> 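After the C-alpha cells below, expect a handful of questions from me.
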Amino acid sequence: MKSILKTLQRVKAFFANRVVAVSALVAAVAVMMGYVTLNLRTVTISDGNENHSIVSFSTDSGLILKAAGLTVEENDVVTAEWEFSKGEINVIRAVDVTVSVDGVTRTITLTEGTVADALKKAGVTLGKDDVLNVAADTKVTDGMSIAVDRVTYKERKETEVVPFGSTSYETEDYYEGETVVETEGVNGEKTKTYRDRYVNGALADSTLVEETVTVAPVDEVIAIGTYVEPAAPVFGAAGSTADFTYSKVYYGNATAYTNDQGLAGEWTASGLPAQVGVVAVDPDVIPYGTRLYITTEDGSYVYGYCVAGDTGSFIYDGTGTIVDLFFNTVGECYEFGRRPVIVYVLD
C-alpha cells in the first residue's frame with residue numbers, strides 16, 4: 001500500500017513539474033511577442049529621388065542605412081523620426097558646386113539651397129550690374145558651375161572736328177569765270193560722350209549717349225562771277241539804200257521804253273521832249289543829235305527815221321543793247337520787247 005502511495009506522489013510531482021515548464025514556455029513566448037510588437041518597425045528611407053523600405057528593431061539610423069546598403073558621406077545630413085510601429089529616415093546628400101569669380105574658382109559643398117546660397121557661403125557679394133550664368137534662385141545640383149561676371153561702367157569723352165560746309169552764289173561783282181572766297185571756312189568742334197561697359201575688367205562695348213557741338217563751324221562762302229563786259233557795237237562801212245545814204249551801221253539789240261503812266265518823264269537827257277522818233281543811246285557811241293534809221297534785222301519791223309536824244313539805262317546792264325526805242329504806250333513796248341536791229345547813221 002505504501003508503495004502505491006509513493007508511486008502516486010511521484011506521478012503527481014512529475015505532472016506538476018511539466019505544468020510549470022509549459023507555463024514558463026508560454027510566458028516566455030508571450031514576452032517575446034510583446035517585445036517584437038513593441039520594437040519591430042517598418043522604416044522608410046528617403047534618399048534624394050530614391051525611396052527604400054526596411055523592417056528593423058533598431059532606431060540607430062546608421063545601422064539601418066548600412067543594413068539597407070546605403071553609404072553616408074561626411075557632409076551628408078541624416079534626419080530620423082520614430083513612431084510606435086514605423087520610422088522615417090531622410091538622407092540629404094551634399095553636392096559640390098564650383099564658383100568662379102574675380103579670376104578665382106573654388107568648390108563649395110552644400111546639402112541644399114540655391115545659387116544665391118552657394119554665393120553667400122563662398123563669400124561672394126554681387127554688384128548691382130554683375131551678371132550670373134545661372135539664375136540666383138536656381139536650386140543647386142551636384143557638379144553645377146556658377147560663374148559671376150563683374151560688370152562696371154565708365155564714361156569717357158572724345159573731341160572731334162566738325163568740318164565746315166561750303167556755299168556759293170552768283171554775282172556781277174566779279175567777272176564771269178572768276179571765283180572768290182569771300183568767307184574762309186573754319187572747322188568746328190564737337191564732344192562725344194560714351195558709356196563704356198567693362199566685363200571682368202575688359203572693355204566689352206561702348207554706347208554713344210550724348211553729342212554736343214561746342215564750337216560751331218563757319219561755312220566757306222564762294223562768290224562766282226557772272227559779269228560780262230558789254231560787247232562793242234558791231235558796225236559796218238558806209239553805204240546807201242534807195243531811200244538814204246549812211247556813214248555807218250550798227251548791229252545789236254533794241255529795247256523799248258515809254259512815258260505812258262509817267263514811267264520815263266516828259267523830257268530826255270538832251271532836252272528834247274520824250275516822244276516817238278527820239279531814241280535812247282549810249283552817247284559815247286552815238287552822240288546826241290545823230291540822225292538814225294532803224295529796222296529789225298529780219299525786216300519784220302521798221303521804226304524808221306529818228307534822232308539820238310536820250311541816254312539808255314541799258315548802257316549799265318551789259319546786255320549788248322545799242323538802242324532804246326520810244327513808244328507811246330506800255331502795250332506797244334511789251335509788243336516790241338527785245339529784238340535784233342540794224343541802226344543806220346545817216347549822213
Side-chain angles (χ1 to χ4, degrees), residues 167-180 222-347:
T167 61
S168 62
Y169 72 99
E170 294 183 343
T171 175
E172 290 188 347
D173 291 343
Y174 305 103
Y175 286 101
E176 184 177 35
E178 184 180 8
T179 59
V180 177
I222 300 174
I224 300 174
T226 60
Y227 179 74
V228 178
E229 286 280 6
V234 178
F235 59 90
S240 64
T241 69
D243 301 318
F244 56 82
T245 60
Y246 54 91
S247 60
K248 191 181 294 183
V249 61
Y250 291 98
Y251 298 89
N253 292 323
T255 54
Y257 77 110
T258 183
N259 190 36
D260 188 15
Q261 304 175 14
L263 294 176
E266 296 181 358
W267 300 93
T268 66
S270 67
L272 295 174
Q275 61 186 9
V276 174
V278 177
V279 298
V281 295
D282 181 349
D284 291 336
V285 177
I286 303 175
Y288 292 146
T290 302
R291 296 172 55 252
L292 306 170
Y293 184 89
I294 300 174
T295 180
T296 59
E297 286 187 5
D298 61 6
S300 61
Y301 186 90
V302 177
Y303 189 77
Y305 295 99
C306 53
V307 62
D310 206 353
T311 301
S313 61
F314 59 80
I315 67 174
Y316 305 108
D317 63 15
T319 60
T321 301
I322 60 172
V323 64
D324 206 1
L325 308 181
F326 187 94
F327 289 92
N328 287 322
T329 66
V330 171
E332 290 175 297
C333 289
Y334 280 127
E335 182 180 355
F336 181 82
R338 178 190 299 272
R339 304 189 193 191
V341 295
I342 301 173
V343 178
Y344 296 95
V345 177
L346 303 181
D347 290 336

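Just so it is clear, the structure is predicted and the values come from calculations on it, not from any experiment.
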> Just to verify, what does Asp324 make a side chain to side chain contact (heavy atoms under 4.5 Å, CB included) with, not counting sequence neighbours?
Thr255, Tyr257, Ala280, Phe314
> Can you name the closest pair of heavy atoms from Val285 and Tyr250 and give their distance?
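Closest approach of Val285 to Tyr250: O-OH, 3.7 Å.
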> Would you compute the distance between atom CD of Glu178 and atom CG of Asp173 and round it to the nearest 0.5 angstrom?
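Between Glu178 CD and Asp173 CG, I get 10.0 Å after rounding to 0.5 Å.
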> Do we see a donor-acceptor contact under 3.5 Å between the side chains of Asp260 and Thr258?
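Looking only at side-chain atoms, Thr258 and Asp260 do not form any donor-acceptor pair under 3.5 Å.
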> What donor-acceptor contacts under 3.5 angstrom involve side-chain atoms of residues 292-299, with partners at least two apart or in another chain?
unit_1	atom_1	unit_2	atom_2	d
Thr295	OG1	Tyr301	O	3.1
Thr296	OG1	Asp298	OD1	2.8
Thr296	OG1	Gly299	N	3.3
Thr296	OG1	Ser300	N	3.0
Thr296	OG1	Ser300	OG	3.4
Thr296	OG1	Tyr301	N	3.0
Thr296	OG1	Tyr301	O	3.3
Asp298	OD1	Ser300	N	2.9
Asp298	OD1	Ser300	OG	2.7
Asp298	OD2	Ser300	OG	3.3

> Over all heavy atoms of both residues, which pair between Asp310 and Ala269 is shortest? Give the atoms and the distance, please.
OD1-N, 3.0 Å
> Distance check, rounded to the nearest 0.5 Å: Ile322 atom CD1 versus Asp282 atom CG?
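Separation between the atoms: 11.0 Å.
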> Once you measure the plane-to-plane angle for Phe336 and Phe327, does it fall in the parallel (<30°), tilted (30-60°) or perpendicular (>60°) bin?
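Geometry flag for Phe327 against Phe336: tilted rings.
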> Kindly give the heavy-atom pair with the smallest separation between Ala254 and Thr321, and that separation in Å.
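Nearest heavy atoms, Ala254 then Thr321: CA-CG2, 4.3 Å.
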> With a cut-off of 6.0 Å (strictly less than), are more than 12 heavy atoms of other residues, nucleotides or ligands near OH of Tyr334?
no
> Taking all heavy atoms of Val278 and all of Pro273, pick out the closest pair and write down the distance.
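Reported closest heavy-atom pair: CG2-O, 3.8 Å.
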> Got a second to check how far Ile342's CD1 is from Tyr251's OH, nearest 0.5 Å?
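Rounded to the nearest 0.5 Å, the CD1-OH separation comes out at 5.0 Å.
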> Measure across Asp347 and Arg291 and return the closest heavy-atom pair with its distance rounded to 0.1 Å.
O-NH1, 2.9 Å
> Find the distance between CD (Gln275) and CD (Glu266) and round it off to the nearest 0.5 Å.
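Interatomic distance, Gln275 CD to Glu266 CD, rounded to 0.5 Å: 11.5 Å.
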> Can you name the nearest heavy-atom pair linking Ser270 to Gly309, along with the distance?
OG-O, 2.5 Å
> Can you tell me how far CD1 of Ile224 sits from OG1 of Thr171, rounded to the nearest 0.5 angstrom?
10.5 Å
